[in-house]
Amino acid sequence: PEEAGDYAIYASYGTYFTEEPVEVTALAVAIPDVETGGEELGFKPRVLLTQFTTTGCTYCPRMKIYLKEALVDSYVDKVVKVDCHNLVVNKRSDPAYVYLPKWNYTMPTVLFDNYVNVTNGNAGPTRDICETIDDLYDYKSGNAAGIAVGSAMADGQIVTKVVVKAAEEGDYRVGVMLLEDNIIAKSHQTQLGDGAADWMNTHNSCIRYMDAGADYSGHSLGHLERGAEADYVFVFNLQDIWRQGNTRAEQAGCSWSDCNEDKLHLAVFVTTIGKDERNNKLPYVSNVVDCPVDGTTPFQYLN
């Protein structure tokens, strides 16, 4: 192929054609190296905090204030926060809109580790958000998976290799969110009165695309023994993502701005199976890292 992208190869002979094509992805850059090494398994855990919001939501600014108050000091280093603008309400166009139909939480909702969620009604005070972060962070300390990432971007394509190391035996999956910063759109702040602020109109870490399987829990890495590693390679074609994103956005009454490669970064997350207070098995995010689209992120440790 002369250009990077996805190709399908067919064969024909007389009136016969192959039923299924051979699918090939041509890369603009070589699969990057990943910094690993060492035997230590005490990886630093982080909580994946997904805020479901949109510019037309009248109650979302109050949740934004709670989160701004909560994510200070030590809490900043305990979470990776992303914004999911997957609904349009009050007919207000949202340039950060993303089509993720299996995430249809009532806004405003904050989802922690794809496991437990809170809303304005049941979270309310900033204290409850901090306590939820603390509980999940403490639960994962000592058993969070290690994540190392090597990512490269060229000619409108991002190639990302993820290496996962298990701190405890289990079944693991991995997913990646493509994020964009500095999307400007006025938030609906009528509920705040004098509390309205300009910072609410700048939207950061907005999900533009997610490659995490049909149920958003990630792609299977199989069963890993303690200390074992597995890797997965993701390829993002920005032109396709923006074209498809714009199509979905226009169907919802929105439109995307042009792709700003300087404002892109990634959230790489690993899921595994845990148990709730009733001993039911439930998937949750074992760990997550925020990393550049063109750079490396080695394993990060508690000490």
Can you tell me if [X] and [Y] form a side-chain donor-acceptor pair at under 3.5 Å?
X      : Y      : result
His203 : Asn182 : no
Glu169 : His223 : yes
Tyr137 : Lys44  : yes
Asp83  : Thr53  : no
Tyr66  : Asp128 : no
Arg92  : Thr55  : no

Sub-3.5 Å donor-acceptor pair from the side chain of [X] to the main-chain atoms of [Y], do we have one?
X      : Y      : value
Asn201 : Ser187 : yes
Asn237 : Gln239 : no
Asn114 : Val285 : no
Arg46  : Val79  : no
Tyr216 : Lys102 : yes
Asp94  : Gly56  : no
Asn287 : Ala144 : no
Thr247 : Arg243 : yes
Arg226 : Ala167 : yes
Thr54  : Leu87  : yes

Just do the ring-ring contact (aromatic ring centres under 6.0 Å, His included) check on Tyr232 and Phe234 with the steps written out, would you?
-> CA-CA 7 Å; Tyr232 200 96; Phe234 296 87; 4.8 Å; yes
What do you reckon, is CD1 of Ile31 surrounded by more than 12 foreign heavy atoms closer than 6.0 Å?
-> no
Any side-chain heavy atom of [X] within less than 4.5 Å of one from [Y]?
X      : Y      : answer
Arg208 : Leu179 : no
Lys78  : Asp134 : yes
Val110 : Thr50  : no

Is any NZ, NE, NH1 or NH2 atom of the basic residue among [X] and [Y] found under 4.0 Å from an Asp or Glu carboxylate oxygen of the other?
X      : Y      : value
Asp113 : Lys140 : yes
Glu180 : Lys263 : no
Glu229 : Lys165 : yes
Lys161 : Asp33  : no

Do Leu221 and Val176 sit in the same hydrophobic cluster, where Ile, Leu, Val, Met, Phe, Trp and Tyr count as joined when their side-chain heavy atoms come under 4.5 Å apart?
-> yes
In a check of ring pair (Phe, Tyr, Trp, His ring centres under 6.0 Å) between Tyr284 and each of Tyr172, Phe112, Tyr139, Phe269, which one passes?
-> Tyr139
Ring centroid separation Phe17 to Tyr10 under 6.0 Å | no
